[in-house]
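One structure is given below, encoded as structure tokens.
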Amino acid sequence: MGPQTSPSYVTLWKSQSQLPSPHHSSALDLILSVHSKTKVGVMMTSWESILQDDQQLEELAQQAVDKALMEGVLMRTKQEPNSSNIVSYAPFTLFPSAVPRELLEQAYAVQTDFNLLVDTVSQNSAFLEQTLCSTIKIDDFIAQLFDIYKQVLKEGIAQTVFLGLNRSDYMFNRSADGPPVLKQIEINTISASFGGLSSKTPAVHRHILNVLGKTKEAANILSNNPSKGLALGIAKAWELYGSPKALVLVIAQEEERNVFDQHYIEHDLLARNIHVIRRRFEDVAKTGSLDQDRKLFLDGQEIAVAYFRDGYMPSQYSPQNWEARLLLERSCAVKCPDIATQLVGTKKVQQELSRPGVLETLIPDQPEAVARLRATFAGLYSLDVGEEGDRAIMEAIAAPGRFVLKPQREGGGNNLYGEEMAQTLKQLKASEKRASYILMEKIEPEPFGNCLLQAGIPARMTQCISELGIFGVYVRQGKTLLMNKHVGHLLRTKSTKHADGGVAAGVAVLDNPYAV
Ligand code: ADP
Ligand code: MG
């Protein structure tokens, strides 16, 4: 495909140049002010031509991989997920990908609204109960989480400081007659990852552009440091907890390839003289205890903050792990997230929030925030038994390409698309099981060329689409929100061949937005 026929960077550049003024005054101005608005179109076309040259791609790929290793864009290998003796690079794109500056700004601007919304819903037990009541009848995993939630409510919540570290994910939906629009895919309220590694990838893309003599463009790549902001949130919660000797506990998985991503946050905390221990649910079950004030102790050491990088999938819970989760939730330690906030992250809650009037009820007196939030919502449909669900099912069976079927799961690889989705819907139609799913409009970004660098796979130009995530942090003490900020971004890019899947699933790779 020649540069003239490419629908990618060039198209974005053209549509951008038609906008009156892309530069609004916003919190992002500071980050984006280093951006020149010139020559982007030219540069994008020249990347396109490099992408045609397999030999040059291979050579650049080697330099990029070395730089990634030098910068610490690291992951443990599939073969040795428990050891750092042999590590590899986390997969990434050879080039940064063009992202419309306006959409990047919009995503940043709405993040504090999403923080507020998540925090507000997490305190609304009536809404959570009503929203999830049909789901928990069928979905055992959500039912177990909900059961812990109810137990804690009944006993009385001991936790007084609340910490949210989330990531709201978006794609850029192409529209027939205008520029692409920002549409939310989901919000992750537990174990939102890649805040560490995405702090390290800008240097890699800058290096590659420097190698190509594109120093100005290299300097235009946005700096990004989500892990610093995430650590700041944890530090604030730790401080408010108010026990200088207490530790931060990272609930870690037994096999964790993405351990370096987590270490960036941990090391930042240590630099603030806040000590971190990594333990598994099993360890908590064996050595954890509560005192009469429901303070949490592990091996006799008090825990101020428990940060989950585990516990979001059914397979991560043995009966013993469920006991550990309950113990943690009953304690007054700051859980990130607490069980209510994890439930707010379910796809069912996302779908109910999109119903007309719901946002207005949940956050009254904030019509501007409501408008900003709603503008990012894609079509979301309940599949609860009844007329509304029947209609959604009929529509999706008639046009399978336009929808995604989602169960209440995290971690990628669970959604159904196309014919497989249609078949499943036909079977589900007469069953109560359908209430454990939601239906979502399929977002269709404009594909563009980039090169995905994954160990053992030759560097070749691939048609890709991207997903942008914005990291949000908030801290609440009692009823007072003391921190509410956005702390950086993550761009993940994948081949158009894959409908689903994240970096951990080996489908998407790390990327950087090149604002145009
Ligand atoms: P998970 O919790 O498993 O990450 P997501 O809702 O993020 O679930 O879906 C996983 C992946 O599927 C996303 O990263 C995205 O690539 C794709 N996807 C999800 N929803 C949509 C959608 N509405 N349109 C297009 N692709 C989607
Ligand atoms: Mg996701």
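Arg355 and Glu388 are joined by a salt bridge, as a carboxylate oxygen and a charged side-chain nitrogen come within less than 4.0 angstrom of each other. Salt bridge present: Glu446 and Arg174 bring a charged side-chain N and a carboxylate O closer than 4.0 Å. Residues Lys183 and Glu441 are not paired through a salt bridge, judged by the lack of any N-O separation under 4.0 Å between the basic side chain and the carboxylate. A salt bridge links Lys150 with Glu129; the closest basic N to acidic carboxylate O contact falls under 4.0 Å. Using a cut-off of 4.0 Å between Lys/Arg side-chain N and Asp/Glu carboxylate O, Arg278 and Glu256 are scored as not salt-bridged. Using a cutoff of 4.0 Å between basic side-chain nitrogens and carboxylate oxygens, Glu360 and Arg374 are scored as salt-bridged. Between Glu302 and Lys245 there is no salt bridge, since no side-chain N of the basic residue sits under 4.0 Å from a carboxylate O of the acidic one.
The one candidate from Arg434, Lys348, Lys137 that meets the salt bridge (Lys or Arg N to Asp or Glu O under 4.0 Å) condition with Asp384 is Lys348. Each of Asp283, Leu298, Val276 was scored for a side chain to side chain contact (heavy atoms under 4.5 Å, CB included) with Leu249, with one residue passing: Leu298. Paired with Arg492 under the rule side-chain hydrogen bond (donor to acceptor under 3.5 Å, both in side chains), one option of Asp169, Thr93, Asp511 passes, and it is Asp169.
For the atom pair CZ (Phe308) and CD (Gln253), the distance works out to 12.5 Å, reported to the nearest 0.5 Å. The distance from the CD atom of Glu410 to the CD atom of Glu186 is 5.0 Å, given to the nearest 0.5 Å. Between atom CG of residue Leu373 and atom CD of residue Gln111 there is a gap of 10.0 Å, rounded to the nearest 0.5 Å. Taking CG of Asn512 as the reference point, atom CG of Leu490 lies at 9.5 Å (rounded to 0.5 Å). Here OG of Ser84 is found 6.0 Å from NE2 of His263. Values are rounded to the nearest 0.5 Å. The CD atom of Gln342 sits 4.5 Å away from the CZ atom of Arg325 when rounded to the nearest 0.5 Å.
Judged by distance alone, the side chains of Asn166 and Thr189 never bring a donor and an acceptor atom under 3.5 Å apart. In summary, the side chains of Asn115 and Thr112 do not present any donor paired with an acceptor at a separation below 3.5 Å, with no hydrogens or angles considered. Side chains of Ser193 and Asp261: no donor on one and acceptor on the other come within 3.5 Å.
Formation of a donor-acceptor pair under 3.5 Å by the Asn321 side chain with backbone atoms of Gln316 is found in this model.
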Worked check of salt bridge (charged side-chain N to carboxylate O under 4.0 Å, His left out) between Lys442 and Glu444: CA-CA 6 Å; Lys442 186 156 188 267; Glu444 297 282 1; 3.6 Å; yes
Audit row: Asp139, Ser436, side-chain hydrogen bond (donor to acceptor under 3.5 Å, both in side chains) steps and yes/no: CA-CA 6 Å; Asp139 188 315; Ser436 63; 5.3 Å; no
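Enclosure of atom CD in Glu282 by more than 12 non-hydrogen atoms of other residues, nucleotides or ligands within 6.0 angstrom is indicated. Within 6.0 Å of the CZ atom in Arg272, the count of heavy atoms belonging to other residues, nucleotides or ligands exceeds 12. The number of heavy-atom neighbours closer than 6.0 Å to CG of Asp293, taken from other residues, nucleotides and ligands shown, is above 12.
Contact check for Tyr437 versus Lys347: no side-chain heavy atoms found under the 4.5 Å cut-off.
With ring centers used as reference points, Phe95 lies 6.0 Å or more from Tyr514.
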